Amino acid sequence: MRFPKRTVYCGEVRPTDVGRRVILNGWVARIRDLGGVIFLDIRDHTGICQALIRPAQQPEIARQARHLTVESVIWLEGIVQWRENPNPALPTGLVEIATEAFGLLNPSVPPPFPISDDVPLTEEVRLRYRYLDLRRPQMQRHLRLRHRVYQVIHRYFDQQGFVEIETPMLTRSTPEGARDFLVPSRLHPGRFYALPQSPQLFKQLLMVAGFDRYVQIVKCFRDEDLRADRQPEFTQVDVEMAFVERDDVLALTEGLFAQLWQELWDIELKLPFPRLTYAESMSLYGTDKPDLRYDLRIHTVTDLFADTAFTIFRTAYQQGHVIAGIRLEGGAAYSRRELEEIAESVRPFGLPGLVWIKYDTDGWHSPVAKHLSPSEYEGLRERFQLREGDLVLLVAAPWQTCYPALGALRQTLSRRAGLISSGSPEYCFLWVVDFPLLEYSAAEGRYVARHHPFTAPLEEDLPLLDIAPEKVRAQAYDLILNGEEIGGGSIRIHTAELQQKIFTLLGISPEQARQKFGFLLEALRYGAPPHGGIALGLDRIVMLMAGAESLRDVIAFPKTTSGLSLVDGAPAPVEPEQLAELGITLVTPDQTS
RNA sequence: GGGGCCGUAGCUCAGCUGGUUAGAGCGCCUGCCUGUCACGCAGGAGGACGCGAGUUCGAGUCUCGUCGGCCCCGCCA
């Protein structure tokens, strides 16, 4: 098809173009037919430009324009001129095109929804007509931002001497970790590939191979239930470095974010990012991914209540529980009803509620006021640095319950008190380090790796491996941004002996280890350098940068909460012949196939 | 695996305790209109109330199941 090609993008027509002949290619955004004059808005990804048609002088053009439908694709030629009535709301609002000719390249049936950012749409409709949803300016912005993020990442790692290497998508299923997506093998019926949950083992092999610094922007797959911030296929910036220690990886990563923020927004991030140990993060914020855009720190005050007359706290103290709480500045203004609502946030943790104490101009107010002594009040005032008008919320429970409950309370309070300003975005990065290496899985009756089984323990904790494995800390780290985990990594085990020992600790027999991870154990014997790395969640990073609420808003073709792809209908049944070739028989044949 | 909210016109929604012929705004179609930019005005078309059972004289409305969307817990090294 031959047609007049654009000389300028719609959104880029400016007063400097006045008098020039231009050609636009784009979509009909809107037609305003006033009878004696017709306005045609033409849109492409850069914006909208108004074209003018005068039926009195151009009866044939007007006749054709009146047949146009919204979202039809056209070319349009004309002379740029000043508008009689400028529209300061538009970048192109000072000028318009005096149409001399236009042509229809492809008519459009009426779209199911207007191509605009300010119409409310259900997720279902958006995903079914994703190609129209993506035509909307906001989605265009999101995916173009994502593109720019890719470019900065590639440039940064190239500058830092990294090599991008592709690792296989058809790999072997490994125990530990999430469920795998399986791919049946036609050439080997009864055997399966697995889509990678991460290129972990391959990037370690690349370190053994001497590539020294590896990076890959790579799809990863996990067959687990979905969330607003979790998709079954997602993109990671996968990084591995040889001859490094933890702080080398952290510094390299910080440099990446500094460059992203610098290049995309001209914002200088303060480096290095703050670091908290896992233990500190849990006791100060009740979570391993705290949102530091607001303070609301947890204070532990168990010791204040050693001899208290208040039965609940005395019992807690005697049972070795923790008494801790949060101060909310100005919170004394909350009503009893509001406090009841706030208390709801700790109930899911199996707590009946919490103790609230107001410190106001006329003294202390609390349902438990009469049980507390003056010295206990004084202790609270001092610990929480209370000022008049403040509120203290206290919880008494085993520490495993107490801190997470207060972590949830922190979030509830910040929302209620509006502590996160929605106006100017604020970016609070944070490293959480020294995670426990293992955690006991009651379901499986054994220790499981908290990060993954290739994570190196802290050297100073090595002696604990044999006597108190649960106390061993790992050389693992998570990167947190505004309460979202955007990356995690570790220094890896680089000797076969230690790796074998960890497998044993995880209840993986030498036989199983040889079978499933033999290639790794073998590779580690051939001069594996000390190495470590990190995997960054690209989708989440772009989501936070775009200010989006959901991962779906920064992924071109995402899955729904139930893992369906509404645009192409995947997953779908397959022909019996395909199954036969693969040697697969369905236990419950799909009736729809 | 569990919990919550939702499904009514192309889109977004209303429809009170079950009761004539199911509504609105936007969009669409037709006509009018010379400076609009969410143009305006007049008229019109458009519905198996997601699907299937049940309760009832009667179900968009109540019950159960099912499919689909969103959010959360579990899960996600």
Side-chain angles (χ1 to χ4, degrees), chain A residues 29-41 48-57 62 66-67 69-71 81-90 92-94 96 108-116 118-129 132-133 174-180 197-198 200-201 220-232 234 345 347-350 404 408 435-439 441-444 447-455 474 476 478 485 488-490 502 506 508 535 537 549-550 552 559-564 566 569 592:
Chain A
R30 201 166 247 123
I31 304 162
R32 289 181 297 279
D33 179 0
L34 276 64
V37 61
I38 301 170
F39 297 103
L40 206 60
D41 285 345
I48 280 182
C49 183
Q50 174 172 290
L52 172 72
I53 297 167
R54 294 192 182 280
Q57 286 94 60
R66 288 189 164 116
H67 282 100
T69 55
V70 164
E71 296 311 316
Q81 63 181 25
W82 293 99
R83 289 194 190 191
E84 265 180 43
N85 297 323
N87 181 353
L90 285 176
T92 59
L94 296 177
E96 66 191 358
S108 173
V109 296
F113 50 83
I115 308 304
S116 159
D118 40 39
V119 286
L121 294 173
T122 58
E123 203 80 12
E124 198 173 353
V125 171
R126 291 180 57 193
L127 292 177
R128 174 132 45 231
Y129 300 97
L132 294 178
D133 187 39
T174 53
E176 308 288 310
R179 281 188 201 90
D180 286 319
Q197 298 180 28
S198 102
Q200 182 59 37
L201 292 172
C220 300
F221 306 84
R222 289 175 194 173
D223 188 8
E224 296 293 344
D225 288 3
L226 278 55
R227 288 281 196 291
D229 61 352
R230 264 164 33 191
Q231 283 275 310
F234 55 100
S345 59
R347 300 239 160 87
F349 296 84
F435 279 85
L437 181 71
L438 308 164
E439 57 192 0
S441 162
E444 299 184 54
Y447 286 109
V448 294
R450 192 185 164 96
H451 184 51
H452 58 52
F454 320 109
T455 303
D478 276 357
E485 182 192 330
S490 61
I502 297 293
L506 293 171
I508 302 172
E549 304 256 302
S550 162
R552 290 183 300 270
K559 307 283 187 284
T560 67
T561 320
S562 69
L564 301 181
L566 294 185
T592 61

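Letters A, B, ... mirror the listed sequences (proteins, then strands); counts begin at 1. Everything quoted here is computed from the prediction, not taken from an experiment.
- Residue T561(A) places no side-chain N or O under 4.0 Å from the OP1 or OP2 atom of G69(B).
- Candidate nucleotides U34(B), G69(B), C28(B) were compared by shortest atom distance to the side chain of P110(A), and C28(B) ranks first.
- The separation between L127(A) atom CG and C70(B) atom P is 7 Å, rounded to whole Å.
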Original post:
How does each nucleotide of nucleotides 38-52 of chain B score, in 5' to 3' order, for protein heavy atoms under 4.0 Å: base (B), sugar-phosphate only (S), or none (-)?
Top reply: SB-------------

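- We find that R32(A) and D41(A) are joined by a salt bridge, their nearest charged nitrogen and carboxylate oxygen being less than 4.0 Å apart.
- G36(A) and P55(A) get closest at one heavy-atom pair: O-CD, 3.2 Å.
- Heavy-atom minimum distance, E84(A) versus P86(A): O-CD, 3.6 Å.
- Picking from C75(B), C76(B), G69(B) the nucleotide with the shortest atom distance to the side chain of A178(A) gives C76(B).
- With hydrogens and angles ignored, a donor-acceptor pair under 3.5 angstrom links the side chain of R83(A) to the base of C37(B).
- The interatomic distance linking D229(A) (CG) with C72(B) (C1') rounds to 11 Å, in whole Å.
- Separating the CZ atom of R66(A) from the P atom of U30(B) is a distance of 12 Å, rounded to the nearest angstrom.
- With P as the reference atom, G52(B) and A59(B) are 14 Å apart, rounded to whole Å.
- A distance of about 12 Å separates the C1' atoms of C49(B) and G23(B), rounded to the whole Å.
- Atom C1' of A22(B) sits at a distance of 24 Å from the matching atom of C67(B), rounded to the whole Å.
- Between F454(A) and L201(A) there is a side-chain heavy-atom pair separated by less than 4.5 Å.
- In this structure, A9(B) makes no Watson-Crick or G-U wobble pair, since no nucleotide meets both defining distances under 3.5 angstrom.
- Both V37(A) and E549(A) lie close to RNA chain B; mapped to their nearest nucleotides by heavy-atom distance, the more 5′-ward contact belongs to V37(A).
- Taking a cutoff of 4.0 Å between a charged side-chain nitrogen and a carboxylate oxygen, D223(A) and R179(A) do not qualify as a salt bridge.
- A donor-acceptor contact under 3.5 angstrom links the side-chain atoms of R230(A) to the base of C76(B).
- With sequence neighbours left out, the side-chain hydrogen bond (donor to acceptor under 3.5 Å, both in side chains) criterion links Q197(A) to D180(A).
- Look at R230(A) and E224(A) and you find no salt bridge, because none of the NZ, NE, NH1 or NH2 atoms lies under 4.0 Å from a carboxylate O.
- Across the strands present, C64(B) finds its partner in G52(B); the criterion is a Watson-Crick or G-U wobble pair with both atom distances under 3.5 angstrom.
- Contacts of S562(A) with the nucleic acid, taken as non-hydrogen atoms under 4.0 Å apart, involve only primed sugar atoms and P, OP1 or OP2.
- The side-chain hydrogen bond (donor to acceptor under 3.5 Å, both in side chains) check on Q231(A) picks up nothing, with sequence neighbours excluded.
- Base contact: R222(A) has a heavy atom under 4.0 Å from a base atom.
- Across all their heavy atoms, A408(A) and S345(A) have their closest contact at CB-O, 3.9 Å.
- Across G19(B) and G60(B), the matching P atoms stand 10 Å from one another, rounded to whole Å.
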Taking N or O atoms only and anything under 3.5 Å, show me the protein contacts with nucleotides 10-13 of chain B, one pair per line.
residue	atom	partner	partner atom	Å
G10(B)	O2'	P112(A)	O	3.2
C11(B)	O4'	P112(A)	O	2.8
U12(B)	OP1	T122(A)	N	2.9
U12(B)	OP1	T122(A)	OG1	2.8

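- The distance from atom CG of L90(A) to atom C1' of U36(B) is 12 Å, rounded to the nearest whole Å.
- Distance CD1 (I48(A)) to C1' (C37(B)): 9 Å, rounded to an integer number of Å.
- Rounded to the nearest Å, the gap between the P atom of U8(B) and that of U12(B) is 8 Å.
- Considering only side-chain atoms of F39(A), the nucleotide from C75(B), G35(B), G69(B) that sits closest is G35(B).
- Using a 4.5 Å heavy-atom threshold, the side chains of V109(A) and T69(A) count as separate.
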Report, one pair per line, the protein and nucleotides 1-5 of chain B atoms (nitrogen or oxygen only) whose separation is under 3.5 Å.
residue	atom	partner	partner atom	Å
G1(B)	O6	D225(A)	OD2	3.1

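- For the C1' atom pair drawn from G69(B) and C51(B), the interatomic distance equals 15 Å after rounding to whole Å.
- Among the protein residues, E96(A) comes within range of the nucleic acid bases, having at least one heavy atom under 4.0 Å from a base atom.
- Side-chain atoms of S198(A) never come within 3.5 Å of backbone atoms of C220(A) as a donor-acceptor pair (strictly under, hydrogens ignored).
- In this structure, the side chains of E123(A) and T560(A) stay at 4.5 Å or more apart for every pair of heavy atoms.
- Nucleotide C75(B) has no partner under the Watson-Crick or G-U criteria, as no pair reaches both atom distances under 3.5 Å.
- Summarising the geometry, the separation between NE2 on H67(A) and P on C29(B) is reported as 11 Å, rounded to the nearest angstrom.
- Residue D133(A) contributes atom CG, which lies 16 Å from atom P of G69(B) at whole-angstrom precision.
- Listed by chain and residue number, nothing satisfies the side-chain hydrogen bond (donor to acceptor under 3.5 Å, both in side chains) test with S108(A) (two or more places apart in sequence, or in another chain).
- If L564(A) and A56(A) are placed on RNA chain B by their nearest nucleotide, the residue sitting closer to the 5' end is A56(A).
- The distance between atom CZ of R126(A) and atom C1' of G69(B), rounded to the nearest whole Å, is 13 Å.
- The base of U36(B) has none of its N or O atoms less than 3.5 Å from a complementary donor or acceptor on the side chain of E84(A).
- Taking atom P in both G15(B) and G27(B), the straight-line distance is 24 Å, to the nearest Å.
- Taking 4.5 Å as the limit, some side-chain heavy atom of R83(A) sits within range of a side-chain heavy atom of L90(A).
- When heavy atoms are screened at a 4.0 angstrom cut-off, P86(A) is found touching base atoms of the nucleic acid.
- Phosphate proximity of C71(B) to R552(A): present, with a side-chain N or O under 4.0 Å from OP1 or OP2.
- Nucleotides A9(B) and C28(B) are separated by 11 Å at their C1' atoms, to the nearest Å.
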